[in-house]
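Working notes, structure below.
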Amino acid sequence: MTFGATILDAEGLRLSREERAFFRDVDPFGFILFSRNIDTPDQVRALCNEFRAAVGRDCPVLIDQEGGRVQRLRAPLAREWRPPLEHVARAGDGAARAMFLRYRLIADELRALGIDTDCAPMADLAFDGTHPFLRNRCYGTQADRVAELARAVADGLLAGGVLPVLKHIPGHGRATQDSHFDLPHVAADPEDLDDTDFAAFRALNDLPMGMTAHLVYDALDSEPATLSAPVMGMIRDQIGFDGLIMTDDISMKALQGDLGDLSRAALTAGCDVVLLCNGTLAERVAVADAAGAMTDAAQARAEAALAARRAPEPLDIDAAEAELSALMGGEVYVG
């Protein structure tokens, strides 16, 4: 079986008849959830089951559950967390353990709802000029420290039976614009990038999945990283990342053009799978048609990523929360 080279979403709380038929036909690698897809625990579990029934396999179901501003699950379905940068600062020397525990608890929440993949950790470095949409989602300013904390995040998720997705490879922290609306340009020279932004991702190049950054590295190519063969080649060869690479949402305004053309360009550049979020059914059909089936190399990476899923390790929730509270000075959650 070869998977479709897409990760797609649903319009509502349950799949429509048209969506079920479409997903059965195009067999996307996986699915992603948004706030509009979330109501009650039973409803979320039912929707995840419908995704998997539509493709006839235990496909990954993804979500953005970083904590802070970017978390699709909110109270009462899930704990409400401080932004990662605040969490790290409050934990101080205990930040790595605090991040492990935070994401181990998040993994427990996700698995209980049928979700097995989280779009975290984020290894982007925080700079003075980092756009506010991203800055407090970062873990720090130094590559080695960010890599240590991102590793703790990944380990916490994996221990809870949830696959991590490393983002935004090869580094989004220097962006001074929000790529949801504009195309950022980074003017730093390759040596500086290699010592900073890229170094954090190099230390995490064994993780099973990664997500691209929609921005232009002027010193490397005139095309956005997601559509750039030179940048994608650098990710594989210089950073050494051989996991499955998914695009960030192909419909973000940083990328201009027909969604089908953008999908083909991303795959030609070296991405393995196209992520489309918030599209109409017609747009999802167009992207799936353009993306087609995975290449042999992409299929092998996809199967390796799925093989990295494992059963959750035992978790004493009360003990984990108590330890985390001690590390955080008693202030762990915002709600």
Side-chain angles (χ1 to χ4, degrees), residues 1-12 15-34 36-37 51 54-55 59-62 64 117 119 165 167-169 172 178-184 209-217 221-233 235-236 244-302 305:
M1 178 193 302
T2 302
F3 307 138
T6 50
I7 296 171
L8 302 173
D9 60 352
E11 291 183 4
L15 294 187
S16 67
R17 180 186 307 170
E18 292 79 10
E19 286 175 321
R20 286 195 298 270
F22 166 61
F23 293 148
R24 182 184 63 245
D25 290 342
V26 302
D27 192 18
F29 169 65
F31 298 91
I32 190 165
L33 293 170
F34 288 89
R36 68 177 182 277
N37 306 125
F51 283 142
V55 296
C59 65
V61 176
L62 292 73
D64 285 291
T117 306
C119 296
V165 178
K167 63 187 187 186
H168 302 87
I169 195 166
H172 209 307
D178 183 347
S179 54
H180 292 87
F181 305 104
D182 299 290
L183 178 60
M209 297 176 64
M211 177 189 290
T212 64
H214 291 334
L215 74 169
V216 175
Y217 300 92
D221 195 12
S222 60
E223 291 291 327
T226 302
L227 311 179
S228 169
V231 174
M232 296 304 300
I235 290 170
R236 295 300 192 193
L244 184 80
I245 295 183
M246 56 189 280
T247 71
D248 204 343
D249 178 12
I250 204 73
S251 70
M252 287 166 61
K253 302 307 180 187
L255 305 182
Q256 295 293 311
D258 174 80
L259 291 176
D261 291 342
L262 291 171
S263 300
R264 281 185 286 268
L267 296 172
T268 298
C271 294
D272 295 311
V273 63
V274 175
L275 172 67
L276 174 65
C277 308
N278 307 308
T280 65
L281 182 57
E283 288 171 332
R284 283 180 274 165
V285 169
V287 166
D289 286 347
M294 285 186 170
T295 64
D296 290 345
Q299 181 73 22
R301 294 185 185 108

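A quick note: this is a predicted structure, and the numbers were derived from the prediction, not measured. These values consider heavy atoms only, across backbone and side chains, with no hydrogens, waters or symmetry-generated copies.
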Who are the side chain to side chain donor-acceptor pair (under 3.5 Å) partners of [X], not counting sequence neighbours?
| X | value |
| --- | --- |
| Asn37 | none |
| Asp25 | none |
| Ser263 | none |

Measure the spacing between [atom1] of [X] and [atom2] of [Y] and express it to the nearest 0.5 Å.
| X | Y | atom1 | atom2 | result |
| --- | --- | --- | --- | --- |
| Leu281 | Phe22 | CG | CZ | 6.0 Å |
| Asp182 | His180 | CG | NE2 | 11.5 Å |
| Phe23 | Glu19 | CZ | CD | 5.0 Å |
| Leu244 | Ile7 | CG | CD1 | 6.5 Å |
| Cys59 | Phe51 | SG | CZ | 8.0 Å |
| Leu215 | Leu255 | CG | CG | 10.5 Å |

Where do [X] and [Y] come nearest, in terms of heavy atoms and distance?
| X | Y | answer |
| --- | --- | --- |
| Phe3 | Gln299 | N-OE1, 2.9 Å |
| His168 | Thr212 | CB-O, 3.8 Å |
| Ala305 | Met209 | CB-CG, 3.8 Å |
| Arg236 | Gly270 | NH2-O, 4.1 Å |
| Thr247 | Ala266 | CG2-CB, 3.8 Å |
| Ala213 | Ala225 | O-CB, 3.3 Å |

Taking [X] for the side chain and [Y] for the main chain, is one N or O donor matched with an acceptor at less than 3.5 Å?
| X | Y | value |
| --- | --- | --- |
| Asp9 | Cys277 | no |
| His214 | Lys253 | no |
| Arg301 | Ile245 | no |
| Asp249 | Ser251 | yes |

Of Thr6, Leu262, Leu259, the residue whose pairing with Leu276 passes side chain to side chain contact (heavy atoms under 4.5 Å, CB included):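 Per the side chain to side chain contact (heavy atoms under 4.5 Å, CB included) rule, the option paired with Leu276 is Leu259, out of Thr6, Leu262, Leu259.
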Among Leu33, Ile32, Val165, find the residue that satisfies the side chain to side chain contact (heavy atoms under 4.5 Å, CB included) test when tested with Asp64.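 Passing option: Ile32.
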Is the shortest side-chain heavy-atom distance between Met246 and Leu62 below 4.5 Å? yes
Residue pairs passing the salt bridge (charged side-chain N to carboxylate O under 4.0 Å, His left out) test where at least one lies in residues 221-230, sequence neighbours excluded: none
Could you work out, with side chain to side chain contact (heavy atoms under 4.5 Å, CB included) as the rule, every residue matching Thr268, not counting sequence neighbours? none
Among residues at least two apart in sequence or on other chains, which ones pass side chain to side chain contact (heavy atoms under 4.5 Å, CB included) with Ser222?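 In terms of side chain to side chain contact (heavy atoms under 4.5 Å, CB included), with neighbours along the sequence ignored, Ser222 is linked to no residue.
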Salt-bridge test for Arg284 and Glu11: reply yes if a basic N is under 4.0 Å from a carboxylate O, no otherwise.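 Yes, this pair counts.
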Check the pair Asp272 / Phe29 against side-chain contact (heavy atoms from CB on, under 4.5 Å), numbers first and verdict last. CA-CA 10 Å; Asp272 295 311; Phe29 169 65; over 6 Å; no
